[in-house]
Amino acid sequence: VKGGYEHFMLKEIHEQPDAIKDTYRGRLNAKEGLIRMAGIDDNIEKFLNANRIVIIACGTSWHAGLVAEYIFEDLVRIPVEVEYASEFRYRNPVITENDVVIAISQSGETADTLAAIKLAKSKGAFVFGVCNVVGSTIARETHAGAYTHAGPEIGVASTKAFTTQITVLMLIALKLAKEKGSISKSSFHHHLQELELIPGKVKKALKQDEHIKKIAEIYKDAKNCLYLGRGYNFPVALEGALKLKEISYIHAEGYPAAEMKHGPIALIDEHMPVFVIATKKGHYEKVVSNIEEIKARKGKIIGIVTEGDEAVKGLADHVIEVPETLESLSPLLTTIPLQLLSYHIAVLLNRNVDQPRNLAKSVTVE
Ligand code: M6R
């Protein structure tokens with residue numbers, strides 16, 4: 001069942017190159033410069049006339065929503081808000097028929113997300129679902145949607161769901177941007193070509209596994225960890241911290257790197273491992289100066305860097321390389337080493353990787 005892997009989580013991490021391909025297969029045609037998605041094609045006016053897009057989700061799916069916020073605002077130039085479904089449903093949100101709501105859920109059964117959808121519908125919004133499980137409650141309750149086609153995800157820790165959600169949301173954003181004319185022809189084509197290269201690059205990122213395992217051995221006894229990123233990789237920092245917390249039970253926090261000096265920097269000492277996503281295009285110089293601040297306080301730096309990086313390598317205690325890509329696609333690569341790292345730490349600590357304590361795969365109660 002686990003395809004020769006020791007755990008479902010590891011299997012699902014390694015399935016990502018194929019899962020991402022399955023997500024865009026039949027939808028993306030880079031040669032002809034086309035994206036076909038029935039759920040969007042049939043409702044294109046609703047999206048293009050929307051005053052704003054509100055994304056609702058929980059947990060890892062919420063993190064994918066945050067990445068989508070950057071993507072949509074950048075490419076489509078529509079304001080986006082990302083909300084925890086559990087907060088949205090109880091705070092009397094201002095929603096009108098001019099809003100488009102995108103609900104993201106791997107299982108399609110999350111109680112809070114479902115309740116938030118019902119609320120948005122009652123206020124007249126058009127609700128679009130991004131689900132993995134075909135025929136799930138959320139897939140049925142939404143007006144239209146797009147499946148991620150990631151295949152079954154068994155491990156409680158979400159992995160391929162995250163990367164395939166980002167892939168679907170990127171396809172949607174590109175399609176809308178093209179229709180709206182908010183992206184140039186050449187940039188549109190460039191995005192499609194780069195997206196098609198992602199599965200191969202994820203495969204390459206996965207090859208760092210042995211190196212990551214060694215880093216896991218060094219930091220497995222840490223009591224606290226920090227994860228930092230900026231821009232598109234800020235949500236990846238949140239996701240990296242969540243992954244570590246839920247399967248290894250080590251306390252971890254994700255932060256936008258520049259927020260460090262507003263509090264968390266007080267935590268830094270020689271016992272604090274800090275995982276910093278510092279890829280080349282994403283505010284690189286600024287992240288490098290954040291790294292210098294941490295080093296000056298003796299924090300341990302593990303940098304997630306672009307292949308061939310020199311500056312971070314010179315400062316960090318360890319680096320893990322990922323291939324170069326567009327900044328907006330980089331979360332699909334930078335998240336891979338963080339998944340592997342959490343996995344190895346959890347295994348070394350003898351945790352129940354696929355079924356961590358107190359957690360369920362789908363949270364069907366609030
Ligand atoms: O099935 P959903 O995507 O709606 O689930 C949302 C969260 O419960 C889920 O992502 C959870 O945070 C995962 N265990 C994270 O790995």
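Indexing begins at 1, ligand by ligand and atom by atom, following the structure's order. Below, all heavy atoms of this structure are taken into account, side chains as well, without hydrogens, waters or symmetry copies. Keep in mind it's a predicted model, so treat the numbers as computed, not measured.
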Could you give the side-chain donor-acceptor pairs of residues 262-271 under 3.5 Å, partners two or more places apart or in another chain?
from : atom 1 : to   : atom 2 : distance (Å)
D269 : OD1    : H271 : N      : 2.8
D269 : OD1    : M272 : N      : 3.4

Whether E321 and K313 form a salt bridge (side-chain N of Lys/Arg under 4.0 Å from carboxylate O of Asp/Glu) is what I want to check. yes
Identify, for atom 9 (C) of ligand 1, the protein heavy atom at the shortest distance, and state residue, atom and that distance. T60 N, 4.0 Å
Distance filter under 4.0 Å to K243 heavy atoms, resulting ligand 1 atoms: 15 (C), 16 (O)
Protein contact of atom 8 (O) of ligand 1 - nearest heavy atom, named by residue and atom, plus distance: V363 CG2, 4.0 Å
Checking a contact table here: which protein heavy atom is nearest atom 13 (C) of ligand 1, and how many Å away? V156 O, 3.7 Å
I need the contact type for E109 against ligand 1. Using non-hydrogen atoms and a strict under-4.0 Å cut-off, is it side chain, backbone, both or neither? neither
Atom 16 (O) of ligand 1 sits nearest the protein heavy atom E246 OE2, 2.3 Å
Within the 4.0 Å heavy-atom shell around A157, which atoms of ligand 1 are there? 16 (O)
Shortest non-hydrogen contact between L333 and P323, atoms and distance: CD1-O, 3.3 Å
Shortest non-hydrogen contact between I138 and I117, atoms and distance: CG2-CD1, 3.4 Å
Please classify the T110 to ligand 1 contact at 4.0 Å (heavy-atom distances, strictly less than): side chain, backbone, both or neither. side chain
Out of the candidates K11, K160, K361, only one should pair with E153 under the salt bridge (charged side-chain N to carboxylate O under 4.0 Å, His left out) rule; please name it. K361
Identity of the nearest option to atom 3 (O) of ligand 1, non-hydrogen atoms only, from C58, S61, A57: S61
Ligand 1 atoms in contact with S105 (distance to a heavy atom under 4.0 Å): 1 (O), 2 (P), 3 (O), 4 (O)
If you measure from the Lys or Arg side-chain nitrogens to the Asp or Glu carboxylate oxygens, is any gap between K243 and E239 under 4.0 Å? yes
